[in-house]
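Since this is a predicted model, take the numbers as computed values, not measurements. The figures here come from the full heavy-atom set of this structure, side chains too, leaving out hydrogens, waters and symmetry mates.
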Amino acid sequence: MGFGGVLPLAHRMIVEQQKWLDESQFTNLLGICQLLPGGNIINMSVAIGMQFQGVKGAISSILGLISAPTAIVIVLYQIYAHFEHILVVQHAIQGLAAAAAGLLFATGLKMLKPMFKSPLTYISIILTFIFMLVIKLPLLFTLLILLTLNLIALGVKKS
């Protein structure tokens, strides 16, 4: 059901429908999962499965998440490989990619909403753009710098 990633679908199911996590918990867990190797949503499914059912839940959640999509991707790729030279198919894929990017952008904005209560959020977003787009720092360095600055700011704030 997810094109270009299932983060928007996962957010809706986990936060809005099932209410397993609130907006803040989902955003915090996603932040942690983005630092780990592997796909964000796969890491999240393991963490959520582990939280509710332990190791059995983690294994079940990962198998449930990847089994059907893997089979579907294999079949769809075989079909696409056969018809990829057709212009209509190329335009359809480009349209799906644009829709997926828009869906991801909309979910990102929805997740930012609860974090806009703090000026630290605005500063972090601005610094992220500067570090990544202007200075062109690698992601790891950007994360380490922002983590350090945020920890310092939060330490000063508590003092």
Could you pull out the closest heavy-atom pair between N40 and C33, with the gap in Å?
OD1-O, 3.6 Å
What do the steps show when you test L29 against I48 for side-chain contact (heavy atoms from CB on, under 4.5 Å), and what is the final call?
CA-CA 9 Å; L29 181 58; I48 293 170; 3.7 Å; yes
Between F52 and V15, is there shared hydrophobic-cluster membership here, with clusters defined by ILVMFWY side-chain heavy atoms closer than 4.5 Å?
yes
Close side-chain approach of F129 and I125, heavy atoms under 4.5 Å:
yes
Any chance you could lay out the side-chain contact (heavy atoms from CB on, under 4.5 Å) test for I123 and L149, step after step, and finish with the verdict?
CA-CA 10 Å; I123 294 167; L149 293 174; over 6 Å; no
Test side chain to side chain contact (heavy atoms under 4.5 Å, CB included) applied to N150 and L146, I152, T148, L147, the passing residue
L146
dist L65:CG -> M44:CE (nearest 0.5 Å) comes out at 11.0 Å
Is there a continuous path of hydrophobic side-chain contacts, each under 4.5 Å between heavy atoms, that joins F26 to I32?
no
With the side chain counted from C-beta on, respond yes when F131 and I145 share a heavy-atom pair under 4.5 Å apart, and no when they do not.
yes
Side-chain touch K110/E16, heavy atoms, less than 4.5 angstrom
yes
May I ask you to check whether H11 and E23 show a side-chain donor-acceptor distance below 3.5 Å?
yes
So do L30 and L7 actually touch side chain to side chain, heavy atoms under 4.5 Å?
yes
Should Q34 and N43 be marked as a side-chain contact (heavy atoms from CB on, under 4.5 Å) after you check the CA-CA gap, both sets of side-chain angles, and the distance that decides it?
CA-CA 8 Å; Q34 287 177 330; N43 294 339; over 6 Å; no
If we only count heavy atoms from C-beta on, is the V88 to F83 side-chain gap below 4.5 Å?
no
Could you check if a side-chain atom of L137 sits within less than 4.5 angstrom of a side-chain atom of M132, using non-hydrogen atoms only?
no
So which atom in S45 and which in S61 form the shortest heavy-atom distance, rounded to 0.1 Å?
O-OG, 2.7 Å
Honestly curious: do L139 and I135 fall in one hydrophobic cluster under the side-chain, below-4.5 Å linking rule?
no
Could you tell me if the side chain of T128 sits less than 4.5 Å from the side chain of L133, heavy atoms only?
no
Flag the pair L87 / Q90 as yes when at least one side-chain heavy-atom distance between them is below 4.5 Å, and no otherwise.
yes
According to a 4.5 Å side-chain heavy-atom criterion applied to Ile, Leu, Val, Met, Phe, Trp and Tyr, with indirect links allowed, do I41 and L36 form part of one hydrophobic cluster?
no
Can you tell me how far the CD atom of E84 sits from the CD1 atom of I79, to the nearest 0.5 Å?
13.0 Å
Whether S67 side chain and G64 backbone form a donor-acceptor pair below 3.5 Å
no
Please check if M50 and L63 belong to a single hydrophobic cluster, counting links between Ile, Leu, Val, Met, Phe, Trp and Tyr side chain heavy atoms closer than 4.5 Å.
yes
